[in-house]
Amino acid sequence: MTDGLRRPARVGIFDSGTGGLSILRHLDSQTSGLRALYLADNRYLPYGDKPTSWLERRAATLTSVLLERGADLVLVACNTATTHTIAALRTRWPDVPFVGVEPGIKPAARLSRNHNVAVMATPATIQSQRLRQLIDEHAGDAEIHLVPCPGLADAIERADDVALSPLLDQTAQRLLATRADTVVLGCTHYPLIADRLAERLGPKVHLIDTAPAVVRRVQHLLGMTPHSRTPTHTEPVQLQVLCTGDAAQIDRALLRWLDTAVHCTHLDLPEATTST
Ligand code: DGL
């Protein structure tokens, strides 16, 4: 958990926006004495309509920023970026520990009782080779229904209820039409509205969020053990937040999803400087 100077380890985290807060809130509740630097690339949200070449360049730029600022581990808190770029990031920085977030095909296939699993994700994640590979390796005898959700991460990011409510209605109808009893939340924005989706899907449909597994992987790589749940032993994550777009919007999301008044700092990181 600490380096030779007894400084807490620093986790660098990036996402297209505030979806990664769905991972960070688990990290906060499960670890003690950790520093986190969260970089929201909200100038370029959504990632879900971007090609692999663009995502690879952008992920490398964001990783460079996090490493320059002292990250000991990089958490790619975005399914779209993970499925399209984490292999290239690991090749470029072989000594850096990377943790990614991928659609939970394996736990969903194990859990489904009617062998019908639906995966909701961004269009880019749905089209990724990595998702096909995960399905080939882990779906077993489960039928996998792919449900791309264009615009959903965007509406969650903007907390735009006028757009969000009908999108959730439509998404729930599409999911129910698959008859899946298990739904994979294949985008880190979706756990933020999981309760609203669950209301629409009813109690017989199980939602899969891989955040707890991701946090266990971070703890393992940093040599941490989950903290005692005794409040006197817990220390909240020391959080610093940067963003490339509207900082006020990120501040509102931090308050809403993490109940924290930490202020986000704007970082000018235009696409033109995205050279690898
Ligand atoms: N939160 C992201 C994911 O997990 C990306 C959403 C987007 O920007 O399209 O896929």
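Both counts, for ligands and for their atoms, begin at 1 and track the order of listing. Just so you know, these numbers come straight off a predicted model, no measurement behind them.
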Pairs of nitrogen or oxygen atoms, one from ligand 1 and one from the protein, closer than 3.5 Å: please tabulate them with distances.
residue  : atom   : partner : partner atom : Å
ligand 1 : 1 (N)  : Asp15   : OD1          : 3.0
ligand 1 : 1 (N)  : Thr188  : OG1          : 2.9
ligand 1 : 1 (N)  : His189  : ND1          : 2.8
ligand 1 : 4 (O)  : Asn79   : N            : 2.8
ligand 1 : 4 (O)  : Asn79   : ND2          : 3.2
ligand 1 : 4 (O)  : Thr188  : N            : 2.8
ligand 1 : 4 (O)  : Thr188  : OG1          : 3.2
ligand 1 : 8 (O)  : Ser16   : OG           : 2.6
ligand 1 : 8 (O)  : Tyr47   : N            : 2.7
ligand 1 : 9 (O)  : Tyr47   : N            : 3.2
ligand 1 : 9 (O)  : Gly48   : N            : 2.8
ligand 1 : 10 (O) : Thr80   : N            : 3.1
ligand 1 : 10 (O) : Thr80   : OG1          : 2.6

>> I need the minimum non-hydrogen distance between Tyr47 and Thr80, along with the two atoms involved.
In response: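 Result for this residue pair: O-CG2, 3.7 Å.
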Quiz: residues 137-153 side-chain donor-acceptor pairs under 3.5 angstrom, not counting sequence neighbours:
residue : atom : partner : partner atom : Å
Glu137  : OE2  : Gln133  : NE2          : 3.4
Asp141  : OD1  : His115  : ND1          : 3.3
His145  : NE2  : Asn116  : OD1          : 2.5

>> Between Leu73 and Phe98, does the side chain to side chain contact (heavy atoms under 4.5 Å, CB included) criterion hold? Intermediate values first, please.
In response: CA-CA 6 Å; Leu73 177 150; Phe98 285 94; over 6 Å; no
Enumerate donor-acceptor pairs with a distance under 3.5 Å from any side-chain N or O in residues 250-262 to protein atoms, sequence neighbours excluded.
residue : atom : partner : partner atom : Å
Asp251  : OD1  : Cys264  : N            : 2.7
Asp251  : OD2  : His263  : ND1          : 3.0
Thr260  : OG1  : Val262  : N            : 3.2

> Is there side-chain contact between Thr85 and Arg57, with at least one heavy-atom pair below 4.5 Å?
Replying inline: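 A side-chain contact under 4.5 Å is absent here.
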>> Holding to side chain to side chain contact (heavy atoms under 4.5 Å, CB included), I want the full list of residues that pass it with Thr188, two or more places apart in sequence or in another chain.
In response: Asp15, Ser22, Ile23, Asn79, Val101
